[in-house]
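All values below come from the heavy atoms of this structure, side chains included, with hydrogens, waters and symmetry mates left out. This chain uses plain numbering: 1 for the first residue, then up along the sequence.
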Amino acid sequence: MASATGATRSVVLRLDDLALPPRYLTFASDLPVSHLLHSLPLPSSSFYLTSDGRPFAASAPVASLPPSGSLQLRLRALRGWGGDGGSTCAESRDCYLSMYLAKKPDKADPNEARLSRFTCCALSGEPLAAPAVVDRLGNLFNKEPLVEALLHKRLPKALSHIRGLKDMIPIHLHPKPGAADEEVRFQCPVTGFEFNGKSQFLVLRGCGHVLSVKALKEVKAPGCLVCHKEFEEADKMPINGTEEEVAVLRQRMEEERGKLKDKKDKKLANGLSGSKHADAAIADTEKLDNGKKGDAAPAKRYKAADHAPAYANKKVYASIFTSSNKSDFKETYSCRSLPLGRN
């Protein structure tokens, strides 16, 4: 490249750090040295120039080069170099390594989480075993740890909807043959589907038997397929259902509790009203006992003699029903007088 004055200069650009052959260039003497590097795809911050072993400013004109006209391009030693051809732009290698050494939270396997919900107690995490119960939202529990947590008031906030034994529904799980030592130990008694969460299961609130949804769909029957006890559609409760199903169960639970509360309030109100009437009746009875004005006449005492037949002696007839008449005889050394009717 020639300038207006026509003065040029030959330059040798060595690229040993890039493993490239040297370049022989001819440039105008008044141009800065940085023009020699326009053809190299490198950012200016990643290299510097030297001439005869000394740093050389890229903004200096080509005419200021030494007589040898040799320039050496050097790469800057970046701290934190990854050793794989890339750069982390980190100030130290520690930052680069900590990025990989930092522990990341383990992602829960959805299959394992699903299996755990059907094979373990939702409270204690122990394997599900009889006696087992289900709450009104379809969660599975071992009865013993749940009752113990209720007694000691140690239920977590997520299970605050369980207030007592009435919120527990005893269930009957059908054991899987030969699976006593396996993780999945129960199955549907009709279809044989494993109780592992891959198939939907229901519990019948009336009898507590656990059946697969497919079994109830394929076998149309008005009663339980195990014990034949009749049930209604509302008695079907999904186990570990979806969010929509749990929302429906929660709404049903609140409605049932509301109806029960109204019934108790009504019964309590009736009880209070009945107690008032009872108090009034007691007061009236006390008035009768005290013989106040307006009291009813006392009932006539029954006497057997008044109902004796016309041909019978009243005294003899009355002695049949009473032993109040006693003999006038007194005891002697040889006899004992007894009441009439007993000798």
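Asp235 places a side-chain N or O within 3.5 Å of a backbone atom of Glu232 that can act as its donor or acceptor partner. Without hydrogens or angle criteria, Asn240 side chain to Arg117 main chain gives a donor-acceptor distance under 3.5 Å. Of the possible polar contacts, none joining the Asn139 side chain to the Asp135 backbone as a donor-acceptor pair under 3.5 Å is found. Under the 3.5 Å distance criterion, the side-chain polar atoms of Ser51 are matched with a main-chain donor or acceptor of Ser70. Side-chain atoms of Lys220 come within 3.5 Å of backbone N or O of Lys217 as a donor-acceptor pair.
Using a 3.5 Å distance cut-off with no hydrogens or angles, the side chains of Thr191 and Ser212 do pair a donor with an acceptor.
Within the 4.5 Å cutoff, side-chain heavy atoms of Leu249 are placed close to those of Pro238. You'll find the side chain of Leu202 stays beyond 4.5 Å of the side chain of Leu211, heavy atoms only.
How far CG of Leu260 is from CG of Asp265: 9.5 Å, rounded to the nearest 0.5 Å. Atom-to-atom distance recorded for Glu218:CD and Leu225:CG is 10.5 Å, nearest 0.5 angstrom. The distance from atom CG of Leu159 to atom NE2 of His161, rounded to the nearest 0.5 Å, is 5.5 Å. Going from atom NZ of Lys214 over to atom CZ of Phe193 covers 4.0 Å, rounded to the nearest 0.5 Å. To the nearest 0.5 Å, the span separating CG on Leu146 from NZ on Lys143 amounts to 9.5 Å. The CD atom of Glu144 sits 12.0 Å away from atom CG of Leu123, with the distance rounded to the nearest 0.5 Å.
The cluster map of Ile, Leu, Val, Met, Phe, Trp and Tyr, joined by side-chain heavy atoms under 4.5 Å apart, puts Val134 and Leu165 in different clusters. Val203 and Leu137 fall within a single hydrophobic cluster, where Ile, Leu, Val, Met, Phe, Trp and Tyr are joined by side-chain heavy atoms under 4.5 Å apart, directly or via other members.
The two residues Asn142 and Pro127 have their closest heavy-atom pair at ND2-O, 3.1 Å. Residue Pro61 comes nearest to Ser64 through the heavy atom pair O-OG, 2.6 Å, listed as atom of the first residue, atom of the second, then distance. When all heavy atoms are compared, the tightest approach of Cys207 to Lys229 is CB-CD, 4.2 Å. The minimum heavy-atom distance between Ala132 and Leu173, with the atom names listed, is CB-CD1, 4.4 Å. Nearest heavy-atom pair, Ile171 versus Val210, reported as atom, atom and distance to 0.1 Å: CB-CG2, 4.0 Å. In plain terms, the two heavy atoms of Thr119 and Glu183 that are nearest each other are CG2-O, 3.6 Å.
Contacts classified as ring-ring contact (aromatic ring centres under 6.0 Å, His included) and involving residues 200-221 (residues at least two apart or in different chains) are given here: His172-His209, Phe195-Phe201.
Around the CZ atom of Arg54, the shell of radius 6.0 Å holds no more than 12 heavy atoms that belong to other residues, nucleotides or ligands. Remark: Glu245 CD is packed, more than 12 non-hydrogen atoms of other residues, nucleotides or ligands lying under 6.0 Å away.
The side-chain hydrogen bond (donor to acceptor under 3.5 Å, both in side chains) test with Glu194 is passed by exactly one of Arg185, Gln187, Lys176: Lys176.
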### Query
Please walk me through it: do Arg257 and Arg136 pass side-chain contact (heavy atoms from CB on, under 4.5 Å)?
CA-CA 11 Å; Arg257 285 179 174 174; Arg136 295 191 180 187; 4.1 Å; yes

Could you walk me through whether Val184 and Lys198 pass the side-chain contact (heavy atoms from CB on, under 4.5 Å) check? CA-CA 12 Å; Val184 180; Lys198 292 184 179 179; over 6 Å; no

